[in-house]
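Here's the structure, in structure tokens; my notes come after.
Residue numbers begin at 1 in each chain, while the letters A, B, ... track the order of the sequences. Any value given below was found using the heavy atoms of this structure, including those in side chains, with hydrogens, waters and symmetry copies removed.
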Number of protein chains: 2
Amino acid sequence: MSEQPSTAASSQPKARRAGGYHHGDLRSALLDAARQLIEDRGPNEFTMKDASQMAGVSVAAPYRHFSDREGLLAALTDEEFRIRATELETIRDSLPLGSIDAIIAMGQSYVSRAVERPGLFHLIFGSERPDPAGGPHHLETSNGDRCFGALVGAVMAFVEAHSCPKDDVMGLVGQLWSIVHGAASLQIHHNFQRMLPEIDTQALIHDAAHNLLTGYLAGQNRS
Amino acid sequence: MSEQPSTAASSQPKARRAGGYHHGDLRSALLDAARQLIEDRGPNEFTMKDASQMAGVSVAAPYRHFSDREGLLAALTDEEFRIRATELETIRDSLPLGSIDAIIAMGQSYVSRAVERPGLFHLIFGSERPDPAGGPHHLETSNGDRCFGALVGAVMAFVEAHSCPKDDVMGLVGQLWSIVHGAASLQIHHNFQRMLPEIDTQALIHDAAHNLLTGYLAGQNRS
DNA sequence: AACATATGTTAGCCGTATTAACATAGACCC
DNA sequence: GGGTCTATGTTAATACGGCTAACATATGTT
């Protein structure tokens, strides 16, 4: 029950609602509102005011649950990472361990999620601050780790299945991650649409992963 | 003289300055200010107020030169695309036509520029609007076309040099673009730094392009 | 010199984030 | 069952940033 976006009046929390002075589960309601607003317009256009209105409370109420706008977005980011992590883990576990298909399917899921909800992709990966110093970063959340871990596991299994040295795993992970992340970004920002209108992004992921891993194995066998 | 960021009091425009009521070349001064602010803090943190102050004018003055904040950013985006296009074309023309090295060097340039100025990369590629409909898009500018065209040219030469069918060119372009764009994005957002601290992004580009193109050629020869 | 145009300035409006001061609902205690 | 504490709302009020309107001053045209 903690996997799906909390739909306000759900389970264990006291969700009274209806005319009461207190909302019952404002925190969840705000996250739901924010999710929808960001899906529709992207994170930059998201306003606390709109989220408050959707939840049926005053503009000041959210500050009882989140330190500020950033805090709300950070909480939503973590929720979204959790959903993606679970999905990636499911895919990894439902396809043959060490197969190229598992890697490809994970990549396609990554892109699908991004394309379905561009605003949310932008939220979780789109931090703009040039300075990495201050405060915890998005991917730093444990759910971000889970996403990354799922990919690493699939690639690790792949190189082991092909008797390759494990030293290369992280390099391969970086290359594959770049492909899927880049494809997702370019698709979302309509760059493919403008420059490569015919492109099928899912096919691109398939072909790119295939080419990359084939080329990698060829390099291994030769040396 | 039109390649470098216009440094305010330069050449053909009347650049009087010094105590005068009129600035002389406010437009360029604003673009320079915006460039610096965005380099430092990213496009979201950029404010018209700060840019005006840096240029030494009132907050309303910029609106004589740009329709609004978006207009200023669009103009800066085009300038930045022009700089990158020229660089990519230079690289393409200075390395053996059809060589894999030319493709790799272009990719490395793409990433270098991004890493050096994350804010500007974010500006030119970071539009968040889910709706592609309204108005001209960033890459739509002719300078965006030039960037893309340089990459296409290099890949086209590569497949021709290897006697591959030209049908695949756009697919390859999409795959290579995804790699460099993804690597740049992940690096900029500190995702590599968190998850793959040892990674060398330039090497990643080299290896990924090499693996991808090797795998592609292998697929060609086999069929 | 008078006008027309381009380019600045000041003042002010509006929308949004955030905080301060106050209000009320529930929970807990006796 | 009433008193008190805490959590959670509400209504101002403040501050900042984009943008426009009304006014001012250069430039240069004739």
Show me the side-chain donor-acceptor pairs of residues 51-62 of chain A shorter than 3.5 Å, one per line, residues at least two apart or across chains.
from: A:Ser52; atom 1: OG; to: A:Met48; atom 2: O; distance (Å): 2.7

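- Looking at heavy atoms from C-beta onward, A:Leu120 lies in side-chain contact with A:Arg35 at the 4.5 angstrom threshold.
- One interatomic measurement links the two molecules: CG of B:Leu26 to P of C:dA6, which rounds to 16 Å at whole-angstrom precision.
- The CG atom of A:Leu37 sits 10.5 Å away from atom CG of A:Leu30, with the distance rounded to the nearest 0.5 Å.
- Using a 4.0 Å cut-off between charged nitrogen and carboxylate oxygen, B:Arg194 and A:Asp145 do not count as a salt-bridge pair.
- B:Asp168 meets the side-chain contact (heavy atoms from CB on, under 4.5 Å) test with B:Pro165, B:Tyr216, B:Gln220; sequence neighbours excluded.
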Check: protein-nucleotides 21-23 of chain C nitrogen or oxygen pairs below 3.5 Å:
from: C:dA23; atom 1: N3; to: A:Tyr21; atom 2: OH; distance (Å): 3.2

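- Note: CD (A:Glu45) to P (D:dG18) measures 14 Å, nearest angstrom.
- Rounding to whole angstrom units, CG of residue A:Asp25 and C1' of D:dA7 are separated by 14 Å.
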Pick out the pairs of N or O atoms, protein on one side and nucleotides 11-17 of chain C on the other, that lie under 3.5 Å.
from: C:dT16; atom 1: OP2; to: A:Lys49; atom 2: NZ; distance (Å): 3.1
from: C:dA17; atom 1: OP1; to: A:Met48; atom 2: N; distance (Å): 3.1
from: C:dA17; atom 1: OP2; to: A:Met48; atom 2: N; distance (Å): 2.9
from: C:dA17; atom 1: OP2; to: A:Lys49; atom 2: N; distance (Å): 3.2

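- B:Leu72 has its CG atom 15 Å from the C1' atom of D:dG17, to the nearest Å.
- Remark: C1' of D:dG18 and CG of B:Asn44 are 15 Å apart, rounded to the nearest angstrom.
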Please determine whether ring pair (Phe, Tyr, Trp, His ring centres under 6.0 Å) holds for the pair A:His189 and B:Phe125, giving the CA-CA distance in whole Å, both sets of side-chain angles, and the decisive distance to 0.1 Å. CA-CA 7 Å; A:His189 294 332; B:Phe125 280 117; 7.9 Å; no
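- We find that CZ of A:Phe66 is positioned 18 Å from C1' of C:dT19, with the value rounded to whole Å.
- Under the side chain to side chain donor-acceptor pair (under 3.5 Å) criterion, A:Arg113 pairs with A:Glu87, sequence neighbours left out.
- With sequence neighbours left out, A:Ala157 forms a side-chain contact (heavy atoms from CB on, under 4.5 Å) with A:Leu97.
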